[in-house]
Every structure is written in structure tokens, then in C-alpha cells.
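Notes follow the structure.
Note that the structure is a prediction, hence the values are computed from the model and not measured.
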Amino acid sequence: FNLEYGEAGGEKLLLDAHVPEGNGTFPVVLIVHGGGWMTGDREKDIVPVFAPFATNFTWFTISYRLAPTNHWPACYEDVQTAIRWVKKHAAEYKGDPNRIALLGYSAGGHLVTLAGTRAEAGTQVQAVAAMAPPTDLVSDNERRGGASTSMKALFNLESTNLTDRVRAVFKENSPLTYVKPALPPFLILQGSADK
């Protein structure tokens, strides 16, 4: 618990690890909590997913910098840093650095789907799973009638108006923008009330 995976903006970036019993090497899941990019906790907000992975997976759950104290792309950069750390250290926790999946919920789902679609050398993973992830920030905020409170805080917007500049920022940071052939497998879970 409380392992340091990096430092950014004078803040220590922490994660918790779970190592299953038995001989490795186990597939790895990197878990990213939700909370609207402004709240959330690696220990409490994503707990229901811990048990299903406890037996056959090495998993890590991360904290990341939150808005409005930290604006975009701080949280996304933290996920990138975590992926690199997990690739480097997975074997120390009986994990296979060549079998890494990302799992995120809500805002965490946005971060993992963006990381999966925009992966570069050193941040590629083998699978992405996301629960209720915002994948099209433009359409999502159009449905709301303007930028949400979370988007305003995350992107340091002056108002909720969907100007051309704001739409361009949302499009640039929407996972949907980067869908292309040869991505790893994605599993996106939506509830009947999710938009």
C-alpha cells in the first residue's frame, strides 16, 4: 500500500498493489477510479472490482491529481506515468508486463479509454475495460446544454459556453477521436441510465 509510482507538481503519486497467492506470472490490471475528475479515491470508490480480480490477477489501483487544483492534462499524465511504472515493476508483484489491462470507472473510464486509444511506445496495453466512460466529450456536453461543472474545472474553462475553442478541446481529449484499426480489445460497460 502507498507505493510511490511517480511525482508531479510537487505531489507524490501513490498506488496500492494486490498480489495473488500462488506462483506467477499473472495478468495485470491497472485500476483507475472515477469521481468526475474532481473527487474519488483509489481505496474506496472502486472497491467492488477488487474481489473479482483477487485470485488470478495482479492489480494496482492508483491515485491521480484531481481538478480543480490540477487542470488537464495532469490526471491523464498520471495514468501514463502509472502505466510505465507498472510495466517496469509488474514482475516484482508476480505480474506479467506483457499482459496489462486498464480498467476505469466514469472519469477513470475516460482516462483509460483515452490512454488505450492514444498509446505510444512505452504505454501500450493489451486490453481496456471501462464502466460508464465518457468517450465523446463534445456530444456529452451538448446534451447537457453546456460544459459540465467537472469539465469546467478539469479544463479550466471560464464559462460553460460551448464555443468553437471549447468544442475543439473536448474533441481533442475524447477517446472516440482516436479510434483506429489495430487497437487492443476494448470492453465498454454502460448501464441503462448512462448516456
Side-chain angles (χ1 to χ4, degrees), residues 2-16 30-49 60-86 102-120 123 128-178 188-191 193-195:
N2 291 321
L3 301 168
E4 187 174 336
Y5 72 88
E7 187 171 334
E11 188 175 329
K12 289 183 180 182
L13 304 174
L14 302 176
L15 60 77
D16 295 337
L30 176 60
I31 302 169
V32 183
H33 68 78
W37 303 273
M38 297 172 60
T39 64
D41 183 280
R42 74 179 187 275
E43 298 172 1
K44 298 175 188 155
D45 292 335
I46 199 94
V47 168
V49 303
F60 301 92
T61 178
I62 69 166
S63 292
Y64 53 88
R65 291 173 289 163
L66 301 171
T69 304
N70 299 282
H71 300 292
W72 189 265
C75 53
Y76 179 69
E77 290 171 348
D78 295 349
V79 171
Q80 299 286 326
T81 299
I83 294 168
R84 289 185 188 96
W85 187 93
V86 166
L102 304 178
L103 172 66
Y105 168 66
S106 192
H110 166 255
L111 296 172
V112 301
T113 54
L114 191 61
T117 56
R118 292 183 65 184
E120 299 173 356
T123 60
V128 178
M131 299 175 288
T135 57
D136 182 350
L137 301 181
V138 177
S139 293
D140 186 43
N141 286 278
E142 285 175 347
R143 267 192 306 275
R144 296 171 188 268
S148 70
T149 302
S150 294
M151 291 287 100
K152 192 175 173 198
L154 181 63
F155 292 106
N156 197 25
L157 305 175
E158 293 177 12
S159 76
T160 60
N161 294 333
L162 293 176
T163 64
D164 289 345
R165 185 188 72 78
V166 169
R167 287 174 197 273
V169 167
F170 287 171
K171 183 174 182 181
E172 179 185 349
N173 296 294
S174 292
L176 186 64
T177 302
Y178 303 96
I188 296 181
L189 305 170
Q190 299 282 14
D194 291 320
K195 295 183 172 39

Q | Qualifying residues under side-chain contact (heavy atoms from CB on, under 4.5 Å), relative to Ser150, sequence neighbours excluded | A | Trp37, Met38, Ser148

(Q) Test of understanding: with ring-ring contact (aromatic ring centres under 6.0 Å, His included), list the residues that count as partners of Phe60, not counting sequence neighbours. (A) Trp85, Tyr93

Q. Going by heavy atoms in the side chains, are Leu30 and Ile83 under 4.5 Å from each other?
A. yes

Q. Who passes salt bridge (Lys or Arg N to Asp or Glu O under 4.0 Å) against Arg65, sequence neighbours left out?
A. Glu77, Asp78

Q: Only counting residues at least two apart or in another chain, list the ones meeting side-chain hydrogen bond (donor to acceptor under 3.5 Å, both in side chains) with Asp136.
A: Ser139

Q. Which residues pass the salt bridge (Lys or Arg N to Asp or Glu O under 4.0 Å) test with Asp41, sequence neighbours left out?
A. none

Q.
So which atom in Leu102 and which in Ala115 form the shortest heavy-atom distance, rounded to 0.1 Å?
A. CD1-CB, 3.9 Å

Q. According to the salt bridge (Lys or Arg N to Asp or Glu O under 4.0 Å) rule, which pairs have a member within residues 110-120, sequence neighbours left out?
A. none

Q. How about Val112 and Leu103: do any of their side-chain heavy atoms sit closer than 4.5 Å?
A. no

Q | Qualifying residues under side-chain contact (heavy atoms from CB on, under 4.5 Å), relative to Ser106, sequence neighbours excluded | A | none

Check: residues 128-135 side-chain donor-acceptor pairs under 3.5 Å, at least two apart:
none

Q: Check Gly34 against Tyr64 and note the closest heavy-atom contact, atom names and distance.
A: O-OH, 4.0 Å

Q. Would you find a donor on one side and an acceptor on the other, under 3.5 Å apart, between the side chain of Tyr178 and the backbone of Glu172?
A. yes

Q | Minimum side-chain heavy-atom gap Trp72-Val169 below 4.5 Å | A | no

Q) Which residues satisfy the side-chain contact (heavy atoms from CB on, under 4.5 Å) test with Asn2, sequence neighbours excluded? A) Leu14, Asp16, Arg42, Glu43

Q.
Using side-chain heavy atoms (C-beta onward) and a distance below 4.5 Å, is Tyr76 in contact with Leu154?
A. no

Q. Any donor and acceptor pair, going by atom type alone, linking the side chain of His33 with main-chain N or O of Gly104 inside 3.5 Å?
A. no

(Q) According to salt bridge (Lys or Arg N to Asp or Glu O under 4.0 Å), does anything in residues 142-156 pair up with another residue at least two apart or in another chain? List the pairs. (A) Asp140-Arg143, Asp140-Arg144, Glu142-Arg167

Q: Nearest 0.5 Å please: distance from the CG atom of Leu137 over to the CZ atom of Phe155.
A: 5.5 Å

Q.
Working note: Tyr105 + Val49, criterion side chain to side chain contact (heavy atoms under 4.5 Å, CB included); need CA distance, chi angles, decisive distance, verdict.
A. CA-CA 10 Å; Tyr105 168 66; Val49 303; over 6 Å; no

(Q) Applying side-chain contact (heavy atoms from CB on, under 4.5 Å), can you list everything that pairs with Thr149, at least two apart in sequence or on another chain? (A) none

Less than 3.5 Å apart, which donor and acceptor atoms pair up between the side chains of residues 5-12 and the rest of the protein, not counting sequence neighbours?
residue	atom	partner	partner atom	Å
Tyr5	OH	Ser63	O	2.6

Q: Measure across Phe170 and Ala147 and return the closest heavy-atom pair with its distance rounded to 0.1 Å.
A: CZ-CB, 4.0 Å

Q) So, does His110 use its side chain to make a donor-acceptor pair with the main chain of Asn173 at under 3.5 Å? A) yes

